[in-house]
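All residue numbers refer to positions in the sequence shown, counting from 1.
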Amino acid sequence: MSAEPLEERQVATLAHALDLPDGELDLKVLRDALPKIRSLAHKEFHAQMPKTQKRLANDERFGTFYGTQSAMEALNVRTPQQLTDRIRRNTLLRVKIEGGKINAFPEFQFKNHEVIPELKGILQVLLPVAATEWTVARWLTLNQPALQDQRPIDILRGEAEVRIPMEQVLNAAKDTAQAWSQ
């Protein structure tokens, strides 16, 4: 397939998107269409801004997410069933994105090709009583007053500004679970 037909199709698509007359799309036509192109781009930019802002806020709070394949690689497991078993045992945090269609695994829970060992106990306490898996992800990534305003995940990863005993994090999780189950 030559480049010319593809280029012609692209020009025709652009002309159609811009409601330009059929025929050759030359520099003059493009120059005349430039205000409309800017207007369309401006509208699209502003329409996407709330989604982008939300995504950026989530990126700052939750970091990146692994898909199923990447989570399998991060944990050195061979089958999706092995992930499912960990999810079922509440030793792996999986959240749903894209309207519940896609599994996502917060990267913050992985360290040295495993789920942070101390996190597993916390997941087993919180997941059974949480409204959703996202509730647990939020709890792990919010500064907790019971933990000297540190994020539980930072403490578990050994990255907190203040050293807090792991037992204290587990006790905070148990207190939270009790509050959630009332």
Side-chain angles (χ1 to χ4, degrees), residues 41 44-182:
E44 183 62 22
F45 173 79
H46 284 288
Q48 294 299 321
M49 192 179 298
K51 291 179 189 175
T52 302
Q53 289 173 330
K54 183 177 180 183
R55 184 171 290 134
L56 288 173
N58 280 341
D59 287 351
E60 286 179 24
R61 181 167 180 187
F62 299 113
T64 58
F65 291 86
Y66 288 146
T68 299
Q69 189 63 40
S70 296
M72 288 170 53
E73 291 169 12
L75 294 171
N76 287 326
V77 299
R78 294 195 168 120
T79 67
Q81 184 59 40
Q82 289 174 299
L83 288 181
T84 301
D85 290 343
R86 291 176 186 213
I87 294 165
R88 195 173 303 123
R89 291 192 319 262
N90 293 325
T91 60
L92 176 65
L93 180 59
R94 183 257 342 251
V95 295
K96 296 283 196 165
I97 59 173
E98 303 293 329
K101 297 176 189 167
I102 298 175
N103 290 330
F105 302 86
E107 183 182 7
F108 63 66
Q109 69 186 313
F110 302 108
K111 194 170 184 179
N112 301 325
H113 295 289
E114 66 178 349
V115 173
I116 300 166
E118 295 82 4
L119 177 61
K120 293 176 185 179
I122 290 167
L123 293 175
Q124 290 175 329
V125 167
L126 293 176
L127 283 170
V129 296
T132 71
E133 293 89 354
W134 280 105
T135 308
V136 175
R138 286 184 191 96
W139 186 85
L140 288 166
T141 57
L142 280 175
N143 294 344
Q144 298 295 329
L147 301 173
Q148 296 183 31
D149 269 345
Q150 300 294 302
R151 294 180 350 145
I153 196 62
D154 293 337
I155 297 166
L156 296 169
R157 292 185 63 78
E159 299 169 356
E161 293 177 14
V162 177
R163 187 170 165 87
I164 309 252
M166 293 297 168
E167 184 177 315
Q168 191 173 339
V169 180
L170 183 58
N171 287 337
K174 288 177 181 177
D175 291 345
T176 299
Q178 184 177 3
W180 286 351
S181 60
Q182 292 180 355

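At least one side-chain heavy atom of I153 sits under 4.5 Å from a side-chain heavy atom of I116. Put simply, the side chain of V136 does not reach to within 4.5 Å of the side chain of V95, judged on heavy atoms. The side-chain heavy atoms of T135 and L126, taken from C-beta on, include no pair separated by under 4.5 Å. Between F108 and L156, the closest side-chain pair of non-hydrogen atoms is not below 4.5 Å.
Atom CD1 of I122 is separated from atom CG of L93 by 11.5 Å, given to the nearest 0.5 angstrom. Between the CG atom of D175 and the CD atom of Q144 there is a distance of 10.5 Å, given to the nearest 0.5 Å. The CD atom of Q150 lies 13.0 Å from the CG atom of L142; values are rounded to the nearest 0.5 Å. With rounding to the nearest 0.5 angstrom, the CD1 atom of I102 is 12.5 Å from the CZ atom of F65. For the atom pair CG (L119) and CG (L140), the distance works out to 6.0 Å, reported to the nearest 0.5 Å.
A pairwise comparison of heavy atoms in Y66 and A71 identifies CB-N, 3.7 Å as the closest pair. Of all heavy-atom pairs between L127 and L92, the closest is CD1-O, 4.3 Å. The nearest pair of heavy atoms linking L123 to T91 is CD1-C, 3.8 Å.
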Requested in this report: Go through W139 and F62 one step at a time and tell me if the ring-ring contact (aromatic ring centres under 6.0 Å, His included) criterion holds.
Outcome: CA-CA 11 Å; W139 186 85; F62 299 113; over 10 Å; no

Working for side chain to side chain contact (heavy atoms under 4.5 Å, CB included), residues M72 and L83
CA-CA 7 Å; M72 288 170 53; L83 288 181; 3.5 Å; yes

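Among residues at least two apart or in separate chains, salt bridge (charged side-chain N to carboxylate O under 4.0 Å, His left out) pairs with a member in residues 64-87 are D85-R88. Pairs engaging residues 152-171 under the side chain to side chain donor-acceptor pair (under 3.5 Å) rule: R151-D154, R157-E159 [sequence neighbours left out]. For the salt bridge (charged side-chain N to carboxylate O under 4.0 Å, His left out) condition, the pairs that include at least one residue of residues 121-148, sequence neighbours left out, are R94-E133.
Aromatic ring centres of F110 and F105: separated by at least 6.0 Å.
Of the possible donor and acceptor atoms, none in the side chain of H113 sits under 3.5 Å from a partner among the backbone N and O of N76. Here the side chain of Q109 pairs a donor or acceptor atom with the backbone of P106 at under 3.5 angstrom.
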